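Here is the naming used below: chain letters follow the sequence lines, and residue numbers restart at 1 for every chain. Note that the coordinates shown come from a computational prediction; the quantities given were computed from them, not determined experimentally. In what follows, every heavy atom counts, from backbone to side chain, and hydrogens, waters and symmetry copies are set aside.
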Protein chains: 4
Amino acid sequence: VTDWTPRDPDFEQRTRASFARQAFMTTLGAKMLAVRPGYVEIAMPYNEALTQQHGYMHGVALAGIADSAAGYAAFTLMATDESPLSVEYKVNMMRPGAGEEFIARAEVIKSGRTLTVVKADVFARAADGGEKLLQTMLQTMIALAGKGDRVEHGPSAPPVAG
Amino acid sequence: VTDWTPRDPDFEQRTRASFARQAFMTTLGAKMLAVRPGYVEIAMPYNEALTQQHGYMHGVALAGIADSAAGYAAFTLMATDESPLSVEYKVNMMRPGAGEEFIARAEVIKSGRTLTVVKADVFARAADGGEKLLQTMLQTMIALAGKGDRVEHGPSAPPVAG
Amino acid sequence: VTDWTPRDPDFEQRTRASFARQAFMTTLGAKMLAVRPGYVEIAMPYNEALTQQHGYMHGVALAGIADSAAGYAAFTLMATDESPLSVEYKVNMMRPGAGEEFIARAEVIKSGRTLTVVKADVFARAADGGEKLLQTMLQTMIALAGKGDRVEHGPSAPPVAG
Amino acid sequence: VTDWTPRDPDFEQRTRASFARQAFMTTLGAKMLAVRPGYVEIAMPYNEALTQQHGYMHGVALAGIADSAAGYAAFTLMATDESPLSVEYKVNMMRPGAGEEFIARAEVIKSGRTLTVVKADVFARAADGGEKLLQTMLQTMIALAGKGDRVEHGPSAPPVAG
């Protein structure tokens with residue numbers, strides 16, 4: 001574990017505020033737990049609306065909290081005028097999404113001027129505190145300079161009303 | 001494009017029925033369009049409940065229809081006693097999720113006895129029919145032999161009630 | 001297939017010259033074939049010095065020509081003061097490296113200001129011209145601005161003598 | 001770090017013997033260091049014959065020892081009648097290959113009946129013992145049952161003489 005120094009002392013408040021604006025995370029029932037420089041944890045409960053055909057949590061829903069934790073782990077180290085964008089990720093799904101609660105833990109492994117590389121793991125947490133590793137992810141983030149995270153419109157096209 | 005020969009002549013009905021049992025796809029508002037041997041298309045409309053902090057569709061929601069299209073493209077070629085499981089995928093996110101409708105197209109590129117490799121692309125479709133490539137995915141599926149897709153409980157642990 | 005417009009009209013000469021400076025490609029016996037805007041082909045013969053324990057070409061040697069073809073496909077679209085660096089790639093190995101000649105074909109699928117996304121396939125080519133798909137790769141390249149490809153020392157540390 | 005129990009008590013001898021048969025590893029100048037259940041280390045010196053156009057070690061040569069370490073980490077846990085095959089890997093290249101010696105460390109994170117998931121890191125090691133992380137890899141291996149690693153011919157096609 002590397003000790004990262006955030007460029008923005010208010011990184012935690014900024015990170016939690018951006019997360020709160022992600023409607024998709026609300027739909028997943030995801031909560032942001034720990035936020036430290038280069039490290040973020042996000043948890044979600046089992047939810048039948050997010051299952052696949054066998055009643056397990058869908059792998060993509062679990063990858064959703066991994067991707068979000070990874071992106072925000074990168075975000076904690078960015079400057080206030082930088083906006084994060086996920087470039088790519090790869091995820092290995094090792095066990096089905098059985099459990100009552102799921103937790104993603106993401107940690108920056110390389111923080112560059114433009115790109116940040118993050119790894120994230122998703123665990124199923126049992127009532128007794130035991131954990132099983134369900135997924136592992138490697139993700140690349142890019143920092144878009146010259147714009148903070150509060151932009152109303154993105155880099156190349158406006159969002160549309162549904 | 002390869003011409004694949006399905007082992008189950010009723011592959012289409014079986015594929016659509018399994019998709020219909022994925023509650024997560026209903027939550028995403030996803031519809032299965034074309035189903036051919038080794039090929040599946042899934043579409044979803046813009047939905048504010050699935051957005052990230054800038055109002056675009058969240059990249060993971062888009063990856064969700066790519067993963068599902070890819071998994072079911074593999075499923076069309078499996079035998080009736082085989083159940084598909086996603087081993088891993090990698091996705092490059094090339095443009096933000098702006099648009100009114102999104103479509104994932106997945107195509108099997110290697111169908112082995114145990115593993116299937118699938119590529120999928122996600123496009124934003126404009127009202128005039130024009131399309132923009134948003135994401136591209138490579139996915140590996142495994143066929144679990146000796147059980148069909150109608151199992152109530154998965155390979156290593158039962159799902160829990162929420 | 002997209003029609004890409006190169007920013008440097010001499011892209012072909014510049015691409016072939018950079019490739020010729022890669023000692024590793026000489027070690028692999030790799031030759032650059034077609035070079036077009038956003039597209040590069042590289043071939044290599046079977047070579048016992050590059051095999052794995054069963055006498056097949058090692059998967060990494062084959063991935064080597066895929067990575068190189070992908071990187072140079074991105075390079076064809078870069079400006080003369082930009083240097084390419086491979087950020088990450090993911091490769092699926094679908095068949096063992098059996099054959100007498102191997103060819104990688106790479107094609108840019110997204111050319112951005114900073115990042116380029118490329119897909120590449122590796123085929124075994126039989127004497128009768130028939131081809132088998134062995135590997136498929138997705139790669140992300142970054143353009144380092146303000147320095148051409150002729151730099152003697154890289155971005156953060158000098159190479160050492162062996 | 002998980003404690004893995006090998007199914008073959010002679011796993012170390014079997015692993016080192018298979019590695020010794022990989023001509024490509026000899027070409028890379030790679031040596032196998034530690035071999036433990038679910039864990040393998042492979043080192044290689046700087047070698048001008050393996051460089052890219054700026055005099056750094058080529059990223060693919062470094063990925064070569066990561067892939068090999070990962071594959072053999074999986075191999076340590078396989079039964080004597082199983083043969084390992086690399087299904088896919090994804091690698092992030094975080095720093096250029098500057099240094100005098102490079103070391104890959106691979107560790108199994110999931111050992112299943114058919115598939116094994118391994119992570120590997122590649123470091124540059126300085127004369128004073130300091131290390132820099134250059135690459136990180138996630139790899140999936142499959143165990144081909146019913147044949148050991150000493151097969152002369154692979155699963156679907158014979159190797160050819162060069």
Side-chain angles (χ1 to χ4, degrees), chain C residues 17-28 45-61 63-68 71 83 85-100 124 132 138 149-162, chain D residues 17-28 45-61 63-68 71 83 85-100 124 132 138 149-162:
Chain C
S18 177
F19 177 78
R21 289 195 298 274
Q22 289 209 345
F24 186 52
M25 288 299 119
T26 305
T27 298
L28 294 181
Y46 178 88
N47 177 351
E48 217 176 317
L50 306 175
T51 54
Q52 34 87 297
Q53 73 274 28
H54 300 151
Y56 295 123
M57 288 288 272
H58 199 289
V60 169
I65 58 169
D67 171 74
S68 190
S83 183
L85 212 64
S86 184
V87 169
E88 60 84 36
Y89 63 83
K90 180 259 205 288
V91 60
N92 273 72
M93 281 149 289
M94 294 173 282
R95 289 182 184 87
E100 297 186 30
K132 273 196 163 120
L138 273 183
D149 189 55
R150 294 233 53 148
V151 292
E152 294 306 303
H153 300 301
S156 68
V160 301
Chain D
S18 176
F19 177 78
R21 289 194 298 272
Q22 290 210 341
F24 186 51
M25 289 298 119
T26 305
T27 298
L28 294 182
Y46 178 89
N47 177 351
E48 218 176 318
L50 306 175
T51 54
Q52 34 88 294
Q53 73 273 29
H54 301 152
Y56 294 122
M57 287 289 271
H58 198 288
V60 169
I65 59 169
D67 171 74
S68 190
S83 182
L85 211 66
S86 185
V87 170
E88 60 86 34
Y89 63 82
K90 182 259 204 291
V91 60
N92 273 72
M93 283 149 288
M94 295 174 282
R95 288 182 185 86
E100 297 185 31
K132 272 192 170 131
L138 273 183
D149 189 54
R150 293 232 55 145
V151 292
E152 294 306 301
H153 301 299
S156 68
V160 301

Quiz item: Does any heavy atom of chain D fall under 4.5 Å from the side chain of C/T26, the backbone, both, or neither of them?
Solution: neither
Quiz item: Where is the tightest heavy-atom contact between C/H54 and D/S83, given as atom of each residue plus distance?
Solution: CE1-OG, 3.5 Å
Quiz item: In terms of heavy-atom proximity below 4.5 Å to chain C, should D/D67 be classed as side chain, backbone, both, or neither?
Solution: side chain
Self-check item: Option that, when pairs with chain D are counted at under 4.5 Å, heavy atom only, ranks first among C/G59, C/S86, C/G64
Solution: C/S86
Practice problem: Quick one: which of C/A49, C/A63, C/A61 has the most heavy-atom pairs under 4.5 Å with chain D, could you say? | Solution: C/A49
Practice problem: Please list, chain by chain and in numerical order, all residues satisfying side chain to side chain donor-acceptor pair (under 3.5 Å) with C/T27, sequence neighbours excluded. | Solution: none
Quiz prompt | From NE2 (C/H58) to OG (D/S68), nearest 0.5 Å | solution = 5.0 Å
Practice problem: With the side chain counted from C-beta on, respond yes when D/M57 and C/F24 share a heavy-atom pair under 4.5 Å apart, and no when they do not. | Solution: no
Self-check item: Atom of D/Q53, atom of C/Q22 and distance for their closest heavy-atom approach
Solution: OE1-NE2, 2.8 Å
Exercise. Tell me, out of D/Q52, D/K132, D/M25, D/K90, who's got the most heavy-atom pairs with chain C below 4.5 Å.
Key: D/K90
Exercise. With a 4.5 angstrom heavy-atom cut-off, could you sort out which part of D/L138 is near chain C: side chain, backbone, both or neither?
Key: neither
